[in-house]
Amino acid sequence: MAVKKCRTWWFVQRIDNLPADWEKILEDLLIPGAYIVHDRDTKLDVETGELLPVAPHVHCILTFNSQVLVDTALSYLPDDFGVKYIQPVPNRIGAYRYLMHYGKEDKAQYDRDEIKHMHGFKVNMSEVYNLDFSDVYALIEQYDIRNFAVLVSFVVEFKPELMPYIAGHTNLVKSYLQERKNMVSSGKMG
């Protein structure tokens with residue numbers, strides 16, 4: 001069997017198994033990544049049918065500069081973290097979605113503001129939320145936006161997750177706004 005190398009790894013550990021200053025220690029590793037504490041998760045007791053709380057735990061994604069072996073990734077974590085297993089992340093977007101339980105309505109939902117980012121770790125939120133032109137179109141139509149600057153101001157203030165999509169598709173969005181403006185002014189659109 002081939003030895004697995006990967007650039008991005010993640011682990012899960014119960015908070016009560018971590019040292020009190022685990023967040024500072026994690027930050028001090030100077031490895032780009034993201035983590036979140038899941039403290040609202042539940043599990044179904046099959047005997048009673050009750051939803052029981054799951055012990056608070058942290059999900060942490062670590063991204064190295066190059067592909068590393070599992071033992072190398074694990075060696076960066078302090079022994080007092082008690083982490084015995086670390087898993088490769090084949091899809092950073094999917095892993096990031098899991099931090100929020102995005103798309104998993106049967107699980108506790110976490111806000112992206114609850115995720116702590118370390119040392120320049122970034123993901124494209126348009127990809128996380130599966131956003132595309134239809135989302136921009138719906139916003140333009142809902143608020144009758146006719147100007148690119150107004151759209152950008154609105155998005156920055158109220159819908160920042162759309163900004164990466166708009167930045168990557170500026171010509172498409174500007175063309176649509178111009179055509180829409182022309183149609184409105186000629187009376188072909190309300």
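- Using a 4.5 Å cut-off between side-chain heavy atoms of Ile, Leu, Val, Met, Phe, Trp and Tyr, with links allowed through other members, V12 and L99 fall into different hydrophobic clusters.
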- Query: Can you list the steps and then say if M100 with I115 is a side-chain contact (heavy atoms from CB on, under 4.5 Å)?
  - Reply: CA-CA 8 Å; M100 299 183 295; I115 299 173; 3.5 Å; yes
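- There is a side-chain donor-acceptor pair under 3.5 Å between H57 and D41.
- A donor-acceptor pair is defined here as one N or O able to donate and one able to accept, closer than 3.5 Å; no such pair exists between the side chain of Y102 and the backbone of R112.
- Taking the ring centroids of Y35 and H59, they lie at or beyond the 6.0 Å cut-off.
- A donor-acceptor pair is defined here as one N or O able to donate and one able to accept, closer than 3.5 Å; such a pair exists between the side chain of R40 and the backbone of Q109.
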- Message: For Y96 and F121: C-alpha separation, side-chain torsions, deciding distance, then whether side-chain contact (heavy atoms from CB on, under 4.5 Å) applies.
- Response: CA-CA 11 Å; Y96 197 87; F121 180 89; 3.9 Å; yes
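- The backbone N or O of G82 sits less than 3.5 Å from a side-chain atom of Q13, completing a donor-acceptor pair.
- Using modelled atom types, no side-chain atom of H119 and backbone atom of G33 make a donor-acceptor pair closer than 3.5 Å.
- With N91 contributing its side chain and G94 its backbone, the two residues share a donor-acceptor pair below 3.5 Å.
- The OG1 atom of T63 lies 8.5 Å from the CE atom of M118; values are rounded to the nearest 0.5 Å.
- Taken to the nearest 0.5 Å, the CD1 atom of I25 stands 8.5 Å off from the CG atom of L18.
- Within the 4.5 Å cutoff, side-chain heavy atoms of R97 are placed close to those of N130.
- Using the six-membered ring where Trp is involved, Y176 and F133 have ring planes that are perpendicular, over 60° apart on the 30 and 60° scheme.
- Remark: the backbone N or O of F64 is paired with a side-chain donor or acceptor of R7 at under 3.5 angstrom.
- Applying the salt bridge (charged side-chain N to carboxylate O under 4.0 Å, His left out) criterion to D132, with sequence neighbours excluded, gives no partner residue.
- Residues F154 and Y143 bring their aromatic ring centres within 6.0 Å.
- With a 4.5 Å cut-off on side-chain heavy atoms, L29 and L77 count as touching.
- A donor-acceptor pair under 3.5 Å is absent between the side-chain atoms of E114 and the main chain of I36, judged by distance alone.
- Looking at S186, its side chain does come within 3.5 Å of a backbone N or O of N182 through a donor-acceptor pair.
- Between the side chain of R146 and the backbone N or O of Q178, no donor-acceptor pair lies under 3.5 Å.
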